Amino acid sequence: MLENLSKTYNPKDFEDRIYKYWKDNGYFKAEVNEEKKPYTIMMPPPNVTGNLHMGHALNNTIQDILIRWKRMEGYEALWQPGTDHASISTEAKVVEKIKKEGKSKEQLGREGFLKEAWEWTRKYGGNINNQLMKLGVSCDWDRERFTLDEGLSKAVEEVFIRLYEKGLIYRGDRIINWCPSCRTAISDAEVEHEDTEGHLWYIRYPIKGESGHIVIATTRPETMLGDLAIAVNPEDERYRGFIGKTAILPLMNREIPIIADEYVEMEFGTGAVKITPSHDPNDFEVGERHGLGQCVIMNGDGTINENGGIYNGLDRYEARRRIVEDLKEQGYLVEVKKHNHSVGHCERCKTTVEPLISKQWFVKMEPLAKPALDVYKEGKLRFIPDRFGKIYTHWLENIKDWCISRQLWWGHRLPVYYCEDCGEVMVARKKPEKCTKCSSTNIYQDPDTLDTWFSSALWPFSTLGWPEDTKELKYFFPTDVLVTGYDIIFFWVVRMVFSSLEQMGEVPFKDVFITGLVRDSLGRKMSKSLGNGIDPLDIIDEYGADALRFTLVTGNTPGNDMRFYMERVEANRNFANKLWNATRFVLMNLDEKIALDKIEKSMLEEEDKWIISRINTVIREVTNALGRYEIGIAAQKIYDFIWDEYCDWYIEMVKPRLYGENRESKETAQKVLLRVLENILKLLHPFMPFITEEIWQHLPERKKPLIVSDWPKFNEENEDQDAEKKMSFIMSAIKGIRNARQEMNVAPSRKANLIFVTREEDIKDIIEYGRRYFINLASADNITIQDNKESLGENNLSVVLDRCEIFIPLKDIIDIDKEIERLEKEKEKLEGELKRVKGKLSNEGFVSKAPREVVEKEKEKLEKYENMMEKVLQRLNSLKNS
RNA sequence: GGGCGAUUAACUCAAUGGUAGAGUGUCAUCUUGACGUGGUGAAAGUUACAGGUUCGAGUCCUGUAUCGCCCACCA
């Protein structure tokens with residue numbers, strides 16, 4: 001056993017091996033099992049051709065912690081993995097690839113392109129999974145799904161048809177966001193607004209048949225090519241006379257009416273606004289109200305089309321430049337002002353999006369949003385932290401119809417067919433033989449595909465077999481918790497909720513755990529363009545997955561961003577090393593032939609009872625914290641226990657017994673060391689699965705692997721207040737002695753006598769009991785206990801405790817002035833405490849209103865501090881007088 | 001224009017209304033038979049500011065300041 005454990009922790013030696021062991025033995029698998037309660041998490045599917053980044057690492061670590069914990073608690077724990085086809089992003093990558101080969105989408109044709117895309121997917125699709133495995137994720141790989149799988153595609157089709165039949169999907173001409181670079185429509189959620197310093201151009205439009213003119217202001221002068229009106233506010237005195245007249249569109253020489261509409265803000269610009277119904281959502285509405293019609297002036301690639309007259313064929317920005325120039329030349333440009341406004345960009349490629357009228361497919365959101373809002377209000381859906389619930393509701397309350405058609409090829413093609421002859425629209429599972437209206441056989445399928453999020457919205461149930469009525473669906477759905485970043489609440493969380501409610505009649509998950517962003521050490525977002533991204537795999541390679549995992553879940557709170565510091569990873573690697581070596585110590589001191597049966601209670605020493613009582617408490621604390629999703633707190637508790645209590649105190653205390661002659665005491669210590677270690681490994685396993693499993697496999701009498709061992713339970717019988725009290729006295733005595741000695745620069749090698757002065761019998765017992773601790777941990781060579789200190793001279797260090805004073809005679813070393821200084825410091829500290837406690841206790845309100853135990857505690861403290869203060873003062877007095 | 005978050009030790013962050021903690025860094029010290037990826041000890045805080053509620057506030061309320069994020073069709 002021991003011989004296999006190297007002197008230092010070296011995660012590379014075992015992480016891959018352990019993972020393979022778990023996987024090959026099927027410990028990640030979840031099956032429908034009516035004897036057990038299910039616990040389900042759906043992994044947010046990463047992009048199929050993506051790479052693992054810190055966000056994934058954080059996210060999946062949290063999920064893995066929860067799933068491992070629940071698995072150990074005895075749940076049938078399903079963690080459903082899979083990948084997303086990420087239409088727009090993957091398609092862009094494939095386009096780029098074939099472009100390098102000198103080919104274009106059009107040249108390849110739809111089929112040829114899809115072939116390329118599938119090849120690409122097969123080539124890079126496995127990467128992210130392998131990377132996740134490095135992290136230690138314990139998801140059920142046998143159930144892996146891909147959004148373009150046959151089953152999931154069927155679910156997508158089914159939902160589309162159902163929504164269509166219900167009238168919740170419609171096709172229409174609407175202003176959508178058009179990305180001229182991706183050459184597709186995108187949804188509102190895919191547009192990022194950014195405040196940009198632009199200009200406001202003031203342009204003069206002449207009035208037909210008059211000498212007058214009207215000045216408008218615009219931020220996008222090129223859109224004037226498509227102007228169909230000028231609008232003013234009906235209340236605006238300045239323009240009252242213009243309403244109903246006709247203006248001449250400069251450069252185009254087109255006649256456009258001047259209309260009145262409430263929408264126009266009188267205070268902004270000149271109070272008159274040009275109306276371009278085809279290229280602005282507001283103008284579109286105005287156009288609808290006034291029956292202005294449409295005039296599209298732009299092509300899909302962002303160039304001006306034939307409606308743009310002489311500007312035909314120019315890129316939109318070149319057209320803008322030329323138009324401004326021409327306006328100026330022809331005397332129409334009144335002035336140009338700097339103007340900050342927000343400009344929409346494509347979330348994927350950052351190109352400025354163009355609002356554009358286009359025939360697209362939409363999901364009618366209002367009827368779907370309502371139930372999604374209701375479940376939140378009814379408490380059936382919970383956010384952790386709950387403030388994100390507000391973001392969720394705010395979005396749903398202001399939701400607009402969802403544009404779901406994309407002019408892309410990589411994705412789920414719309415199950416929509418058109419009759420070439422009569423234009424009839426048919427939504428069907430299979431291509432209709434002939435037109436349902438005119439019986440023509442001239443039928444073609446809509447070339448568009450669906451927004452990727454349309455399929456991810458179904459993830460919680462499509463992965464379980466829906467629309468088939470599978471046993472998995474019945475058992476594992478609804479899921480328990482969704483773990484995801486706040487950046488995709490709108491894209492994904494919201495859409496999963498309303499989709500589930502609509503199709504399943506239930507929420508897809510009860511809790512939504514929201515994570516923050518992992519930033520670099522300067523607080524910047526990690527990004528490719530900045531080149532400041534830290535690759536999780538590099539960290540795993542250097543420090544191990546356990547250290548990375550621990551770093552990601554400690555020291556931050558749900559929903560808050562965190563900074564990634566290498567020093568913290570290192571510290572956590574050191575923690576793993578600490579545990580590794582503690583284990584080596586335990587195994588090194590474990591007699592081969594020791595019978596590891598039950599521990600004989602009567603043989604337990606105080607420190608045994610203390611550590612047993614403490615681990616028991618930690619079991620409760622860690623379990624409770626996990627139950628509240630306080631993962632960082634849970635991790636911190638177990639960390640502190642291992643390092644401070646188990647390693648620094650218990651192991652040190654137990655050493656004399658291990659090296660001693662008393663066989664029974666020795667064996668008891670060995671057993672306790674081992675049993676506590678076992679519990680430690682269990683509690684730590686969800687956080688650091690590799691090292692704990694590796695160590696576990698080296699412990700004696702292993703039957704089950706740790707990953708499927710039972711989660712420890714709090715046991716009231718193990719609580720021992722008395723032992724905790726005694727050990728706490730002993731520990732504070734040791735700390736006091738160490739402190740005093742070090743302050744006086746007494747070398748640890750210099751052993752000294754300790755003279756304990758106390759009249760209290762119980763304290764005397766504890767001291768007597770603690771003899772060996774003082775000798776080993778407080779550099780003592782002899783210990784005396786006496787009732788009074790009269791016989792002692794002044795050349796002592798004195799350590800003041802509650803109801804006890806310790807004297808350390810060090811004749812040659814004591815510098816009286818320094819000792820006085822040290823005690824003065826002690827006095828100051830006590831004064832502070834006394835002031836606080838006295839203040840509280842003399843406060844009538846506190847004594848009468850605070851809970852009894854709080855008051856009692858304060859009273860005890862008062863007594864203790866007064867007692868200590870008296871001794872410090874006496875000591876100071878006698879030193880000063882000597 | 002709305003909404004949200006943050007402000008705590010030198011740095012990065014924790015902290016169920018009840019004595020403000022950790023990691024890193026700093027200083028001192030220890031080559032003790034698990035670990036120097038370690039041990040021991042120390043220094044370091046008016047919890048951004050101003051009010052309020054409460055017996056008691058880092059924590060709850062109101063306001064201010066600074067920073068950050070999200071949402072929003074003002075051309």
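Here is the naming used below: chain letters follow the sequence lines, and residue numbers restart at 1 for every chain. These numbers come from the heavy atoms of this one structure, side chains and all, not from hydrogens, waters or symmetry mates. This one's a predicted model, so the numbers in the text were calculated from it and none came from an experiment.
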(message) Taking only the P atom of each, what is the distance from B:G41 to B:U59 in whole angstrom?
(response) 32 Å

(request) Using atom CG of A:Leu658 as one end and atom P of B:U32 as the other, report the distance to the nearest whole Å. (result) 19 Å

(request) Pick the P atom in B:U24 and in B:U40, then give their distance to the nearest Å. (result) 13 Å

(message) So that I can tick it off, tell me whether A:Glu819 and A:Arg822 are bridged by a salt bridge, with the cut-off set at under 4.0 angstrom between side-chain N and carboxylate O.
(response) yes

(message) On the nucleotide B:A14, are OP1 or OP2 found under 4.0 Å from the side-chain N or O atoms that A:Asn560 carries?
(response) yes

(message) Could you check whether A:Glu833 pairs with A:Lys861 (Lys NZ or Arg NE/NH1/NH2 to Asp/Glu carboxylate O, under 4.0 Å)?
(response) no

(request) Inspect the contact between A:Lys818 and A:Glu821 and indicate whether a charged nitrogen and a carboxylate oxygen are less than 4.0 angstrom apart. (result) no

(message) Only pairs with both distances under 3.5 Å count, Watson-Crick or wobble alike; so what is the partner of B:U19 in this structure?
(response) none

(message) Starting the side chain at C-beta, find the nucleotide from B:U19, B:U37, B:C71 nearest to A:Tyr865.
(response) B:U19

(request) Hunt down the Watson-Crick or G-U wobble partner of B:A50, both distances under 3.5 Å, from any strand shown, or write none. (result) B:U62

(message) Measuring from the side chain of A:Arg738 (C-beta onward, heavy atoms only), which nucleotide among B:G41, B:C55, B:C70 has the closest atom?
(response) B:G41

(message) Please verify the inter-ring angle class for A:Phe388 with A:Tyr486; under 30° counts as parallel, over 60° as perpendicular, anything in between as tilted.
(response) parallel

(request) Quick one: look up who B:G68 pairs with, Watson-Crick or G-U, both distances under 3.5 Å, and put none if it's unpaired. (result) B:C4

(message) Pick the closest RNA chain B nucleotide for A:Lys825 and for A:Lys861 by heavy atoms, then say which residue is nearer the 5' end.
(response) A:Lys861

(request) Take the angle between the ring planes of A:His339 and A:Phe268 and call it parallel below 30°, perpendicular above 60°, tilted in between. (result) perpendicular

(message) Using heavy-atom distances to pick each residue's nearest nucleotide on RNA chain B, tell me which of A:Ile633 and A:Trp395 is more 5'.
(response) A:Ile633

(message) Is there, by distance only and without an angle test, a donor paired with an acceptor across the side chain of A:Lys578 and the base of B:C35 below 3.5 Å?
(response) yes

(request) Could you work out which one of B:U37, B:U19, B:A34 sits closest to the side chain of A:Asn574? (result) B:U37

(message) Side-chain N or O of A:Arg568 versus OP1/OP2 of B:U24: is the shortest distance under 4.0 Å?
(response) no

(message) Closest approach to the side chain of A:Gln742, judged atom by atom: which nucleotide of B:U37, B:U40, B:C55 is it?
(response) B:U40

(message) Please give the distance between the C1' atoms of B:G25 and B:U12 as a whole number of Å.
(response) 11 Å

(message) Determine whether the aromatic ring centres of residues A:Tyr392 and A:Trp492 are separated by less than 6.0 angstrom.
(response) no

(request) Considering just the side-chain nitrogens and oxygens of A:His339, establish if one lies under 4.0 Å of OP1 or OP2 belonging to B:A75. (result) yes

(message) If I pick the P atom on B:A15 and the same atom on B:G38, what distance separates them, to the nearest angstrom?
(response) 26 Å

(message) When both hydrogen-bonding distances must be under 3.5 Å and the geometry is Watson-Crick or G-U wobble, what is B:G36 paired with, if anything?
(response) none

(request) Using whole Å, report how far CD1 of A:Ile651 lies from P of B:G39. (result) 11 Å

(request) Report the nucleotide, chosen from B:U37, B:A75, B:G18, that has the shortest atom-to-atom distance to any side-chain atom of A:Lys840. (result) B:G18

(message) Can you check the distance between B:U54 and B:C61, where both ends of the measurement are the C1' atom (answer in whole Å)?
(response) 11 Å

(message) Can you see if the side chain of A:Lys525 gets near the phosphate of B:C69 - specifically, an N or O under 4.0 Å from OP1 or OP2?
(response) no

(message) Under 4.0 Å from OP1 or OP2 of B:C13: is there any side-chain N or O of A:Arg563 that close?
(response) yes

(request) For B:G3, take OP1 and OP2 only and decide whether either is under 4.0 Å from a side-chain N or O of A:Lys390. (result) no

(request) Starting at atom CG of A:Leu522, determine the distance to atom P of B:C13, rounded to an integer number of angstrom. (result) 11 Å

(message) So, OP1 or OP2 of B:A14: does either fall under 4.0 Å of a side-chain N or O from A:Thr557?
(response) yes

(request) Can you see which heavy atom on A:Phe550 is nearest to which on A:Thr554, and at what distance? (result) O-OG1, 2.7 Å

(request) Report the distance from atom NZ of A:Lys857 to atom C1' of B:G18, rounded to the nearest whole Å. (result) 7 Å

(message) Let's test your reading of the model: under 3.5 Å, does the base of B:U37 pair with the side chain of A:Glu570 as donor and acceptor?
(response) no

(request) Send over the distance from A:Asn340 CG to B:A75 P, rounded to a whole Å. (result) 10 Å

(request) Assess whether one donor atom and one acceptor atom, taken from the side chain of A:Glu652 and the base of B:A34, lie less than 3.5 Å apart. (result) yes

(request) Using the six-membered ring for Trp and the full ring for Phe, Tyr or His, decide whether A:Tyr659 stacks on the six-membered base ring of B:G33 (centres under 5.5 Å, planes under 30°). (result) yes

(request) Among the candidates B:U12, B:U37, B:A34, find the nucleotide nearest to the side-chain atoms of A:Asn577. (result) B:U37

(message) Please determine whether a side-chain nitrogen or oxygen atom of A:Asn739 lies at a distance below 4.0 Å from atom OP1 or OP2 of B:A42.
(response) yes

(request) Return the value, rounded to whole Å, for the distance between atom CZ of A:Phe564 and atom P of B:G23. (result) 18 Å

(message) From CH2 of A:Trp649 over to P of B:G41, roughly how many Å is that when rounded to an integer?
(response) 7 Å

(message) Counting only side-chain heavy atoms from C-beta out, which of B:C35, B:U19, B:C73 sits nearest to A:Lys7?
(response) B:C35

(request) Please determine, for B:U24, whether a Watson-Crick or G-U wobble partner exists with both distances under 3.5 Å, and give it or none. (result) B:A10

(message) What's the gap between B:G45 and B:C74 when it is taken at their P atoms, as a whole Å value?
(response) 48 Å

(request) Examine the base of B:C55 for any acceptor or donor lying under 3.5 Å from a partner atom in the side chain of A:Asn843, and report the outcome as yes or no. (result) no

(message) Using the rule given for side chain to side chain donor-acceptor pair (under 3.5 Å), can you reason through A:Asp261 versus A:Asn233, listing the C-alpha separation, both sets of side-chain angles and the distance that settles it, and then say yes or no?
(response) CA-CA 5 Å; A:Asp261 197 284; A:Asn233 193 294; over 6 Å; no

(message) Just the rounded figure in Å: distance from C1' of B:C13 to OH of A:Tyr639.
(response) 14 Å

(request) Could you work out the separation of B:U31 and B:A44 based on their C1' atoms and round it to a whole Å? (result) 30 Å

(message) As a test of reading the structure: which of B:A75, B:A42, B:C55 is closest to the side chain of A:Glu743, going by heavy atoms?
(response) B:A42

(message) Less than 4.0 angstrom from a charged side-chain N to a carboxylate O is my criterion; do A:Arg289 and A:Glu262 meet it?
(response) no

(message) Closest approach to the side chain of A:Val273, judged atom by atom: which nucleotide of B:G18, B:A75, B:U19 is it?
(response) B:A75

(message) Of the options B:A43, B:G18, B:U24, whose atoms approach the side-chain atoms of A:Ala571 most closely?
(response) B:U24

(message) Does a side-chain N or O of A:Lys655 approach OP1 or OP2 of B:A34 to a distance below 4.0 Å, or not?
(response) yes

(message) I'd like to know if A:Arg573 reaches the base of B:U37 with its side chain, counting only an N/O donor and acceptor under 3.5 Å.
(response) yes

(message) When both hydrogen-bonding distances must be under 3.5 Å and the geometry is Watson-Crick or G-U wobble, what is B:U31 paired with, if anything?
(response) none

